[in-house]
Amino acid sequence: MKINLIDADSIIYICAFDKKDATSIKTLQECKEAVDGLIFNILNYTKSTHYLLFLTVGRNFRYEIYPEYKANRKYGDKPQHFDAIKEYLITKYQAIYNPALEADDLVCIYKKHYKDSFISAIDKDILNLQGQSFNYDKFKWISISKDEADLYFWKSMITGDTVDNIKGIFGRGEKFFNDLVFFNCNIYNTVSINFLRLQIFDEYIIKYGEKLGIQEFYKNYMCLKMKDEYEGLPILEPIEFNKYEEEYKLVD
């Protein structure tokens, strides 16, 4: 069994916009046809035997921790048929969602549960998780080691994430993080993630003071860290993919 766990949030944008002409507006029918074609190509190219799709629906737990989460995004940035395409993914492909979680979280939770699975996405945070993933925008396989995944996450705790409006440590950037890693390597002759974690925690306290530093560290950690478990979440069975079945053909 080869289970493909697909972060479908980006599918909506890829299939709604015309790459060749950004001013051109697709009809809903054209969007649906693009969705069918892309999903078929993803599953066929990766030789998937089974699949599950995941979507973000509603305001997840991160907004309670940080009300300004993703506040820099504009509602008008959504394509015209955004809601209709999302509903199409739910009704035709049984896309999974949970109002308390993002698609990123659901992908991670299912990845932990299904050992014979891999992730398909274009989101940089998902593609930098440990393991093998498939970038369905570039149709390219990506392999990330545990150390690479850890370094990517802890760098984001310094630099933040401008896409999600997470600030990180004000005045600190990638060069500062690289200096921390260099100092770390000089002590241990390799990267000690445990020591790096303590270094970054200390930097929050140095920058903001003890109380606010701990609060900022917690807020950023909870917003940046994808969940790999969630109490009470039902784990659904993967859907079998047979490229010859009628349901995978383009819409009429």
Side-chain angles (χ1 to χ4, degrees), residues 3-14 42 45-46 48 51-56 60-62 65-66 69-70 72-73 101-169 172-182 184-185 190-197 199-201 203-204 217-230:
I3 305 170
N4 193 337
L5 307 175
I6 304 174
D7 170 19
D9 281 345
S10 298
I11 287 178
I12 299 174
Y13 290 89
I14 289 176
I42 292 170
Y45 185 88
T46 57
S48 304
Y51 73 91
L52 287 164
L53 269 69
F54 304 93
L55 287 170
T56 300
N60 61 84
F61 72 95
R62 292 176 177 86
I65 297 170
Y66 178 41
Y69 182 63
K70 295 186 178 181
N72 54 337
R73 299 189 184 188
L101 302 168
E102 292 188 50
D104 305 23
D105 301 306
L106 291 165
V107 165
C108 289
I109 292 167
Y110 272 75
K111 180 71 174 69
K112 184 178 180 181
H113 182 82
Y114 288 116
K115 304 304 180 184
D116 297 325
S117 66
F118 65 94
I119 296 171
S120 289
I122 69 171
D123 184 287
K124 67 182 187 328
D125 297 325
I126 299 178
L127 294 176
N128 276 284
L129 293 171
Q130 180 184 358
Q132 189 178 48
S133 302
F134 180 70
N135 183 329
Y136 58 73
D137 186 38
K138 298 180 178 179
F139 268 64
K140 176 183 177 183
W141 288 100
I142 296 170
S143 184
I144 300 293
S145 69
K146 185 178 186 307
D147 284 346
E148 288 172 328
D150 286 339
L151 286 172
Y152 178 84
F153 172 75
W154 287 106
K155 181 174 73 172
S156 71
M157 285 290 291
I158 292 284
T159 63
D161 187 334
T162 55
V163 174
D164 291 339
N165 199 38
I166 300 170
K167 307 301 183 183
I169 301 178
R172 304 286 190 260
E174 189 167 347
K175 182 182 182 304
F176 182 84
F177 174 78
N178 292 337
D179 289 341
L180 285 183
V181 173
F182 181 76
N184 188 311
C185 289
T190 185
V191 177
S192 168
I193 298 299
N194 287 334
F195 182 53
L196 183 62
R197 185 186 300 118
Q199 287 177 290
I200 292 172
F201 182 74
E203 289 300 325
Y204 271 84
F217 182 91
Y218 172 79
K219 179 193 73 179
N220 288 343
Y221 183 91
M222 293 301 292
C223 288
L224 290 165
K225 190 73 170 178
M226 296 178 204
K227 286 187 175 292
D228 61 8
E229 59 183 10
Y230 190 75

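Small disclaimer: the values here were computed from a predicted structure and weren't measured.
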Once rounded to the nearest 0.5 Å, what's the spacing between atom [atom1] of [X] and atom [atom2] of [Y]?
{"X": "Thr46", "Y": "Tyr136", "atom1": "OG1", "atom2": "OH", "result": "12.5 Å"}
{"X": "Glu102", "Y": "Lys227", "atom1": "CD", "atom2": "NZ", "result": "11.5 Å"}
{"X": "Phe61", "Y": "Cys223", "atom1": "CZ", "atom2": "SG", "result": "7.0 Å"}
{"X": "Lys225", "Y": "Ser156", "atom1": "NZ", "atom2": "OG", "result": "9.0 Å"}
{"X": "Tyr13", "Y": "Asp137", "atom1": "OH", "atom2": "CG", "result": "14.5 Å"}
{"X": "Tyr221", "Y": "Arg197", "atom1": "OH", "atom2": "CZ", "result": "7.5 Å"}

For this session: Could you tell me whether Asp161 and Lys124 make a salt bridge, using a distance below 4.0 angstrom between a side-chain N and a carboxylate O?
Result: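 Yes, this pair counts.
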Exercise. Is Arg62 paired with Asp105 through a side-chain N to carboxylate O contact shorter than 4.0 Å?
Worked result: yes
Might you point out which heavy atoms bring [X] and [Y] nearest each other, and give the distance in Å?
{"X": "Met222", "Y": "Ile65", "result": "CB-CD1, 3.6 Å"}
{"X": "Phe118", "Y": "Ser48", "result": "CZ-OG, 3.6 Å"}
{"X": "Ile12", "Y": "Leu55", "result": "CD1-CD2, 4.1 Å"}
{"X": "Gly173", "Y": "Thr159", "result": "C-CG2, 3.7 Å"}
{"X": "Asp228", "Y": "Lys112", "result": "O-CD, 3.3 Å"}
{"X": "Ile144", "Y": "Ala149", "result": "CG2-N, 3.6 Å"}

Please answer whether the main-chain N or O of [Y] pairs with a side-chain N or O of [X] as donor and acceptor at a distance below 3.5 Å.
{"X": "Tyr204", "Y": "Met157", "answer": "yes"}
{"X": "Thr56", "Y": "Ala103", "answer": "yes"}
{"X": "Tyr152", "Y": "Leu127", "answer": "no"}

Can you tell if the side chain of [X] reaches within under 4.5 Å of the side chain of [Y], non-hydrogen atoms only?
{"X": "Asp104", "Y": "Asp7", "answer": "yes"}
{"X": "Phe134", "Y": "Ile119", "answer": "no"}
{"X": "Leu52", "Y": "Leu106", "answer": "no"}

Exercise. Stepwise, does the side-chain contact (heavy atoms from CB on, under 4.5 Å) test hold for Asn220 with Tyr66?
Worked result: CA-CA 9 Å; Asn220 288 343; Tyr66 178 41; 5.8 Å; no
Seminar exercise, completed: side-chain contact (heavy atoms from CB on, under 4.5 Å) with Lys70: of Ile166, Asn165, Asp164, Val163, only one passes, and it is Asp164
Problem set entry | Atom CZ of Phe139: over 12 foreign heavy atoms under 6.0 Å |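 More than 12 within 6.0 Å, yes.
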Exercise. Passes side-chain contact (heavy atoms from CB on, under 4.5 Å), Val181 versus Phe177? Steps please.
Worked result: CA-CA 6 Å; Val181 173; Phe177 174 78; 3.7 Å; yes
For this session: If the plane angle is over 60° it's perpendicular, under 30° parallel, otherwise tilted; pick one for Trp154 and Phe217.
Result: parallel
Exercise. Ile122 and Ile14: side-chain contact (heavy atoms from CB on, under 4.5 Å), yes or no, with the steps?
Worked result: CA-CA 10 Å; Ile122 69 171; Ile14 289 176; 4.1 Å; yes
Problem set entry | From CA spacing to verdict: side-chain contact (heavy atoms from CB on, under 4.5 Å), Ile6, Val107 | CA-CA 7 Å; Ile6 304 174; Val107 165; over 6 Å; no
